[in-house]
Structures are given as structure tokens and as C-alpha cells.
Amino acid sequence: PSCLSLSSRCPPAALHTCQGLAPCLLEEGQVNTSRPRLSLATLHPASGSFAAMDRIFSALLLSLLLLLQSYGVCGTPPQPRGTLCRTKPTDLVFIIDSSRSVRPQEFEKVKVFMSRVIEGLDVGPNSTRVGVINYASAVKNEFSLKTYPTKAGLLQAVRRIEPLSTGTMTGLAIQFAISRAFSDSEGARVRSPNFNKVAIVVTDGRPQDGVQDVSARARAAGIEIFAIGVGRVDMHTLRQIASEPLDDHVDYVESYSVIEKLTHKFQEAFCVVSDLCATGDHDCEQICISTPGAYKCACKEGFTLNNDGKTCSACSGGSGSALDLVFLIDGSKSVRPENFELVKKFINQIVDSLEVSEKQAQVGLVQYSSSVRQEFPLGQFKNKKDIKAAVKKMSYMEKGTMTGQALKYLIDSSFSIINGARPGVPKVGIVFTDGRSQDYITDAAKKAKDLGFRMFAVGVGNAVEDELREIASEPVAEHYFYTADFRTISKIGKKLQMKICIEEDPCECKSIVKFQTKVEDLINSLQQ
């Protein structure tokens, strides 16, 4: 596929029937995908595992920072600037060619691309809804606009999509989008200036049916169409499918191996609210923090925000905040050795952001699979260097997934005084898993929260969303994270770091500002 741009509005959704093609339609399935628009560009091979893992790390780190902030921060923590925009509410349907010319490994590239785009969208019933149509000789509705109201649900659904591997009935797939995917019964919304209706067609060959007339009907029904061609695609066909202007709605890449590079362009295409901090339209004295359609001010290390919300004053004293933090890491065989190394790197990046000492942050580490193993207790290591060295030495257990047993160990042992926990100091647990637990987690998950532990749940790959929510503290949306790929784990790191500081004395928790600088640099390097 290629890069396209989303710009037009949504005219009325006139529905048309499929003339003579109805017998080709399959029963509705249960999978979904979505993508934004792009523009013509030359693309290069996707980056490696560490770049993707850094993005997940960033998300987790932001959550940790917020928690630390709650315990005491010198001024408003200079949070890493979020996305430069938020996405406009859109009914987005991907129409994906999985004909026999698309090899299985190439189809996986399309799924990764869709997942990356979804991760950049504001997904929800009142924001962006996503559906996926999979087609070859027949059409399969993988999932509709109403099927998955959460980003985590969409990402897991995309992972389950399988290629059909027959012919190429592109016109039939577009007709299905008109009459079914964009219908009220499938979750499409009534025409409004506040919503866009967008279809992204991805194909790599010449269709075996006509596309010109059916595409014209789709456009007349208010659907903005982007046509992405791969390899030996017929460019004339792409131009017949796409909306005007064609330069914004038609794109091409030479192979599926570079399709992931389109992700950022599609995310930018959905941007509707600028980052006022980035444009300089603010009056903050030191640090500007972007929020959707607005901004707020923060202060550098050694300063606190004044009552006017703009200027800063020097702090007096402040040595950081105390925190007992325990990582509970899934070491089951489904993780795989190479991904386990990424998890260790992820842990150490979070450790880098903390102020570790006997009076500030203490870190413990527990690994679990079919059994539970304490790698090191709270307080055993007094500095970041020793903690990171111990994490690097951790060996991979490579067995089952007894998450419930691990949670019970966290409650009974990890946060006990005999294992280094300090009375009166906030307790934070970060549970990392990549699959469904093989034992019962409900009682232990509830007890951990009832005891006042602040629990974060991080899921990757085949992790079960309901289990992540059960583990996470309230509000659940701020305490559980999911990504489809281990390589994107650092994005979660950024969010988690922002939640580990709990605000009391605004002139404490100096580590937040230092962390902000690190994350800011990390984000800039990733964007480059």
C-alpha cells in the first residue's frame, strides 16, 4: 500500500445494492483494521526492534511519571509532549486485498501497518470507529464499525485476520462497503460535519471486476476513498477508485516490506488540532505541555509553578519522593528469548528515570511462568547501576503463565517488610504479560488493590484485555496498556512513567524533570 491524505467532508450515505454479485458475499466475520491517509512518497525499509520497543517504553514511562508526580514534584512535571494533534471523529473502513498474489508474510506487513495506525487514533464510540473488510474472490467482513469500541480490542482483532488467498474482486469489496460496512446497522453514524467517512483500499493487482462505477457511487454516498497500490498494481485502477484530488488520495509503494513507513503520514492526515506548544502560541515562562486543543505550563527542575499558572519560582529544598516499585514479569515460553531481552531493556529504561536510594525509590523484580521466582527484593540494590546489572543477568524461565500465583506472591512477599518494603511508603506494581493466565487471577488482583497497591497492567501480543483490566487499579483506563508488538513496548513506558509520581509537596520529586528531558530526547530521536 501507499500514503494518502484525508481531507474531504462526509456527504450523505446513499446505499446501493450489489447487482448480480451478491452470491460472492461471505458471512460476516469478526476482525477489524483501520488507517489514515497519506501522500506520494519514496519509502524505506522499516526500522528494527529497538526503535519500536522504545515507543512502548515511552508510554510506560509517562505513566510512571504521573505516579511519581502525585507523591511530590518540583513544579508541574515537564511531561513529554504528546502527539502533535488529536484525530477527528471518523468512521474508517479498511478494504484489504488478500488475493493469492499477496503472500502470507506480506499480509502480515499489512496487519502491522494497520496496528500502528490504530495506535495513533483516538478510538471510541464517540471518536473514531474502525472496521475491516478482507477480500479476494469473495468479501469477508472481518469486523464492523461497532464491533470493537477500544483500541486494545481492535489491535487484537487485527492480529487474528487471515488471508483469503483467491481472486481479486475489488469492485465487489467497495460495493460491500457501501451497502453494508457504512450502514447504520453496522455502526456507521448519520451524516454530520463533525464526522468523516473514510475508506482505505489496499491492493497489489488488477481487479477481476469493474471499479469505476461502484467507486463513483461510494464517493457520491459521502465516502472519501484512498487507494494504496503495491508492487505491480494497475495505477489506472487506483485513479478510478480514489477521491479527488488524486495527488492526495492515490499512493504507491514498491513492496509490502515498506508499507509500515506509511503509518506516520496517515496519522498526520487525521490531525485536526494543532499542538499550541509546538507552534509557540502560549505564554508559559519555562515549559509548555500540550493538551487536546489547549496547553498548560510547567517548570524546570528547582522551580515550582506560581498561582498564575504561567510563571515559575525557585523551590527550597526537595530531595525526591519515596516509592517501592516491583516489576512482575511474564517469563513464559510464548514470550520468546529475543523478546525477553526487549523486556529487560524496557525495565532498565524505566529504572533510568527514577531517583534510586534508601530514602527515595526502591526497585524489586519478580519473574513468573509455571512458578514464581524473586530475582531481587526491594532495597537489595541501592543505585541504578546495580539494579540494571541485575536485570541484565536475569535468565529466561520459559514455561507456563501463572499470573494469579505471581500476583499472590507480590501481595504476600514482595511488599512485605522482610523483603525490604517500607511502612507508609507508596507501593506500585507493574505486571507485564503476553498471554492468558493459566490460573485464576480475580481474588489476588482484587486483594492487591484493596491493600492500597497501585497496580499497572501491561499487555503485549496475545494478552487478554479483560485480565489486564482486572489487574489494573482505578481508573482502569489510566492503569492498563496494550500493544500488539513487543517492538513497540517503549510507548507504554512513556505513559506509565507519567503516572508514578503522586502530587503532595510541589517542591519534591526532582526526578520528574530529569526524566522529562530524557523522554523528550527519546521522542525527538524516534521521530527523526
Side-chain angles (χ1 to χ4, degrees), residues 56 59-60 63-64 66-67 70 149-153 155-156 323-332 334-335 343 346-347 350 362-375 377-378 397 399-421 425-483 489 492-493 495-500 502:
I56 293 191
L60 191 52
S63 301
L64 288 172
L66 281 180
L67 182 57
S70 306
T150 67
K151 189 177 298 185
L155 292 171
Q156 294 200 41
L323 178 74
D324 285 347
L325 172 63
V326 174
F327 291 93
L328 201 60
I329 303 301
D330 181 351
S332 60
S334 60
V335 174
V343 174
F346 159 74
I347 294 170
I350 293 179
Q362 290 189 156
V363 177
L365 176 61
V366 174
Q367 183 184 173
Y368 71 94
S369 59
S370 297
S371 59
V372 180
R373 183 173 75 199
Q374 179 172 261
E375 301 293 344
L378 290 165
M397 296 176 74
K399 293 183 180 178
T401 310
M402 303 294 284
T403 309
Q405 184 178 341
L407 288 168
K408 189 174 186 304
Y409 184 91
L410 183 80
I411 297 166
D412 297 339
S413 300
S414 297
F415 284 132
S416 65
I417 294 176
I418 194 172
N419 276 314
V425 172
K427 307 291 188 295
V428 177
I430 301 177
V431 181
F432 185 99
T433 182
D434 86 323
R436 181 182 296 276
S437 177
Q438 295 173 328
D439 62 352
Y440 188 62
I441 70 166
T442 300
D443 290 345
K446 182 178 183 300
K447 185 175 181 180
K449 291 178 285 188
D450 289 346
L451 289 172
F453 303 157
R454 191 162 186 181
M455 301 297 295
F456 292 89
V458 180
V460 178
N462 292 319
V464 179
E465 183 179 1
D466 288 346
E467 290 186 354
L468 299 178
R469 290 177 170 274
E470 198 165 9
I471 293 169
S473 293
E474 295 287 347
V476 171
E478 296 181 9
H479 290 81
Y480 96 96
F481 307 91
Y482 173 82
T483 183
I489 193 172
I492 291 178
K495 291 181 180 178
L496 184 54
Q497 184 68 34
M498 284 302 301
K499 297 182 184 298
I500 290 191
I502 300 176

* Does the side chain to side chain contact (heavy atoms under 4.5 Å, CB included) test come out yes or no for Val366 and Leu410, once each step is laid out? -> CA-CA 8 Å; Val366 174; Leu410 183 80; 5.6 Å; no
* Asked: So, Gln156 side chain and Ala463 main chain: donor-acceptor pair closer than 3.5 Å or not?
  -> yes
* Indicate the ring-plane relationship of Phe481 and Phe456, choosing parallel, tilted or perpendicular according to the 30° and 60° boundaries. => parallel
* Sort out for me which residue in Val431, Val458, Ile430 forms a side chain to side chain contact (heavy atoms under 4.5 Å, CB included) with Phe327. => Ile430
* Side-chain donor/acceptor of Gln405 to backbone N/O of Asp439, under 3.5 Å -> no
* Under the side chain to side chain contact (heavy atoms under 4.5 Å, CB included) rule, what do Met455 and Leu407 come out as? Steps first, then yes or no, please. => CA-CA 10 Å; Met455 301 297 295; Leu407 288 168; 4.0 Å; yes
* Structure fact -> For Pro475 and His479, the nearest pair of non-hydrogen atoms, with its separation, is O-ND1, 2.9 Å
* **Interatomic spacing from CD1 in Ile329 to CD in Gln367 - rounded to 0.5 Å** => 8.5 Å
* Asked: For Ser332 and Gly400, which heavy atoms make the closest approach, and how far apart are they?
  -> CB-O, 2.9 Å
* **Approximate separation, where rounding is to 0.5 Å, of Ser369 OG and Met397 CE** => 3.5 Å
* Asked: Nearest 0.5 Å, what's the CG-CD1 distance between Leu378 and Ile418?
  -> 13.0 Å
* Roughly how far, to the nearest 0.5 Å, is the CD atom of Glu470 from the CD atom of Glu465? -> 12.5 Å
* Asked: Does any non-hydrogen side-chain atom of Lys427 lie less than 4.5 Å from one of Val425?
  -> yes
* Under the side chain to side chain contact (heavy atoms under 4.5 Å, CB included) rule, what do Thr433 and Leu468 come out as? Steps first, then yes or no, please. => CA-CA 9 Å; Thr433 182; Leu468 299 178; 3.9 Å; yes
* Give the intermediate values and the outcome of side chain to side chain contact (heavy atoms under 4.5 Å, CB included) for residues Arg469 and Ile471. => CA-CA 5 Å; Arg469 290 177 170 274; Ile471 293 169; over 6 Å; no
* Closest contact, heavy atoms only, Gln362 versus Gly420 -> NE2-O, 3.0 Å
* Starting at CD1 of Ile441, measure out to CG of Asp466 and round the result to the nearest 0.5 Å. => 9.0 Å
* Asked: Does the gap between the ring centers of Tyr409 and Tyr368 come in under 6.0 Å?
  -> no
* Structure fact -> Scanning both residues in full, the closest heavy-atom pair of Ala444 with Gly404 reads CB-O, 4.0 Å
* List the steps and the verdict of side-chain hydrogen bond (donor to acceptor under 3.5 Å, both in side chains) for Ser413 and Asn419. => CA-CA 7 Å; Ser413 300; Asn419 276 314; 4.5 Å; no
* Asp324 side chain vs Ala421 backbone, donor-acceptor pair below 3.5 Å -> no
* Could you walk me through whether Thr403 and Glu467 pass the side-chain hydrogen bond (donor to acceptor under 3.5 Å, both in side chains) check? -> CA-CA 10 Å; Thr403 309; Glu467 290 186 354; 5.3 Å; no
* Check: Met402 main-chain N/O paired with Gln438 side-chain donor or acceptor under 3.5 Å -> no
* Asked: Should Lys447 and Asp443 count as an ion pair when the cut-off is N to O under 4.0 Å?
  -> no
* With sequence neighbours left out, what residues match Tyr480 under ring-ring contact (aromatic ring centres under 6.0 Å, His included)? -> none
* In Å, rounded to the nearest 0.5 Å, how long is the span from CD1 of Ile411 to NZ of Lys449? -> 10.5 Å
* **Arg436: partners by salt bridge (charged side-chain N to carboxylate O under 4.0 Å, His left out), with sequence neighbours left out** => none
